[in-house]
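Here is the structure we will look at.
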Amino acid sequence: MLDIQWLRNDLESVTARLAGRGYRLDVAAFQDLEAERKTLQTRTQELQARRNALSRQIGITKSKGKDAAALLAEVAGLGEALKAAEEALASLQKPLADLLMGIPNLPHQSVPVGKDSDDNAEVRRWGEPRRFDFPVHDHVDVGAALGLDFEAAAKLSGARFAVMKGGLARLHRALAQFMLDVHTREHGYTEVYVPYLVNAESMRGTGQLPKFEEDLFQVPRGEGERFYLIPTAEVPVTNLLRDAIVEEGELPFKFVAHTPCFRSEAGSYGRDTRGMIRQHQFDKVELVQMVKATESYRVLEELTGHAEAILRKLGLPYRVIALCTGDLGFSSAKTYDLEVWLPGQNAYREISSCSNFEAFQARRMQARVRGEKGKPELLHTLNGSGLAVGRTLVAVLENYQNADGSVTLPEALRPYLGGLEVLAPAKK
RNA sequence: GGAGACGUGGCCGAGAGGUCGAAGGCACUCCCCUGCUAAGGGAGCAUACCGGCUUAAACCGGUAUCGAGGGUUCGAAUCCCUCCGUCUCCGCCA
């Protein structure tokens with residue numbers, strides 16, 4: 001959520017910056033609503049002030065044992081007008097709030113200007129894609145012999161789910177353990193375990209609601225109530241600080257969480273239908289930081305580096321992409337995507353997304369720090385995948401495949417697999 | 001699932017229809033005193049929003065907020081209803 005003051009005081013430049021990321025702000029609608037809000041709010045508050053003053057007088061008069069009939073008569077005349085004003089104001093505040101909640105974040109000055117993903121900028125590359133002296137298979141073919149079973153998953157649930165068995169399931173688990181250990185031991189994150197079902201408030205806090213409800217899975221719960229399945233650990237972890245005022249000395253908060261993520265993938269029919277690149281359910285190790293406003297851009301670089309460290313330790317070639325203004329996510333002010341090399345697709349594919357949300361989420365959540373002057377200031381929130389576990393598994397299978405159908409395991413992973421060096425198809 | 005108790009500011013904790021945004025304490029900020037650390041005295045100190053003044057801040061006036069939402073009333077932290085949550089006991093259970 002943007003600060004409504006920015007819209008009031010600086011509408012022109014806000015509109016221009018939003019246009020840069022492809023969002024057209026309905027200026028006229030905003031101005032109309034604002035003008036009406038102003039008169040209605042002023043009137044309502046004046047009436048309330050009048051009523052409060054009279055009621056106070058009644059109390060004083062009665063406590064002195066005098067007759068308050070005249071005052072009571074006067075306040076009675078206020079009732080209807082006050083009620084009408086309050087209702088009109090309330091019904092106006094809803095569309096105004098909806099409008100505000102639907103406006104995306106402003107891109108940071110350092111974000112490359114562009115229309116779509118074609119205008120994203122490559123920042124750096126690491127690692128050399130391996131040359132193969134045999135026909136390369138994608139992870140679906142490599143995985144099939146190792147326990148990756150989409151048919152079984154289709155029977156159980158439908159499309160966009162996977163079943164993993166044996167060594168492959170263990171490798172999947174090992175990847176998550178490995179990532180958690182690196183981030184907690186080497187990067188200073190605190191591991192957290194969080195709910196996978198959250199309420200609407202939490203989804204609003206991080207920006208998934210109200211605009212992206214169709215991307216979420218819901219679980220009914222009583223009348224008009226429902227849980228939402230988290231699309232990322234970002235939601236529960238970031239919301240830990242919702243409605244909190246923390247002391248400056250407690251900052252920064254650095255959390256890492258391993259959770260499943262659930263996405264409806266509505267609107268992506270036909271994309272990545274093969275394999276486990278795009279699933280309704282996938283595991284992810286997520287990094288979340290809450291920091292002082294002045295620190296957030298330094299921390300974005302740091303956090304991105306933490307995610308990169310995993311790829312380096314696994315020896316997976318990747319590149320870092322700065323998303324352009326037009327490709328930025330709704331809540332983000334700046335985002336780096338990490339793209340891992342996938343030989344099976346002969347392409348770099350997203351495996352991590354690291355974003356600085358500045359105060360956009362904190363404003364929705366009212367997540368604040370008590371600053372030096374004692375005034376609470378909004379925190380800045382950041383997060384990044386460190387990494388998407390399923391896609392990391394895909395990358396390991398494809399990059400480390402051997403001609404005989406086995407997969408050599410990256411050394412960093414071996415301690416998590418009892419020293420195993422090669423994952424080989426089970427003998428028939 | 002059954003029975004009961006409770007939800008107040010950064011924290012603890014009073015208040016039980018009226019000049020209550022809320023006593024007191026802790027923490028914090030400023031000042032004074034004190035030859036270190038410690039202690040003492042005074043003042044300040046919730047949040048959001050609106051308006052005024054202003055480049056802005058500070059400041060001033062107002063409104064709302066005592067778990068959330070409704071209701072009763074001229075007036076609700078206080079009374080009533082619904083929901084959410086916490087705690088205790090019983091039952092059940094990974």
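In what follows, every chain begins at residue 1, and chains take the letters A, B, ... in the order their sequences are listed.
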Worksheet entry | B/S/- contact track for nucleotides 68-73 of chain B, protein heavy atom under 4.0 Å | ------

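B/C89 and B/G2 make up a base pair, with Watson-Crick or G-U wobble contacts both under 3.5 Å. In a base pair of the Watson-Crick type (N1 to N3 plus N6-O4 or O6-N4) or a G-U wobble (N1-O2 and O6-N3), with each distance short of 3.5 Å, B/U47 is matched with B/A64. Summarising the base pairing, B/A38 is matched to no nucleotide, lacking a Watson-Crick or G-U wobble pair whose two defining distances lie under 3.5 Å. The nucleotide B/G21 finds no pairing partner, because no Watson-Crick or G-U wobble arrangement with both distances shorter than 3.5 Å includes it. Pairing partner, B/C26: B/G10, with both Watson-Crick or wobble hydrogen-bond distances short of 3.5 Å. Pairing for B/C59 is with B/G52, a Watson-Crick or G-U wobble pair whose two hydrogen-bonding atom distances lie under 3.5 Å. Base pairing of B/A94: no nucleotide in any strand meets the Watson-Crick or G-U wobble criterion (both distances under 3.5 Å).
Counting only heavy atoms from C-beta on, A/N52 has its side chain closest to B/A64 among B/A64, B/C49, B/G21.
Using a 4.0 Å heavy-atom distance criterion, A/I58 is classed as a base contact. If you check every strand for non-hydrogen atoms under 4.0 Å, A/A49 touches sugar and phosphate atoms only.
B/C59 and B/C12 are spaced 28 Å apart, taking the P atom of each and rounding to whole Å.
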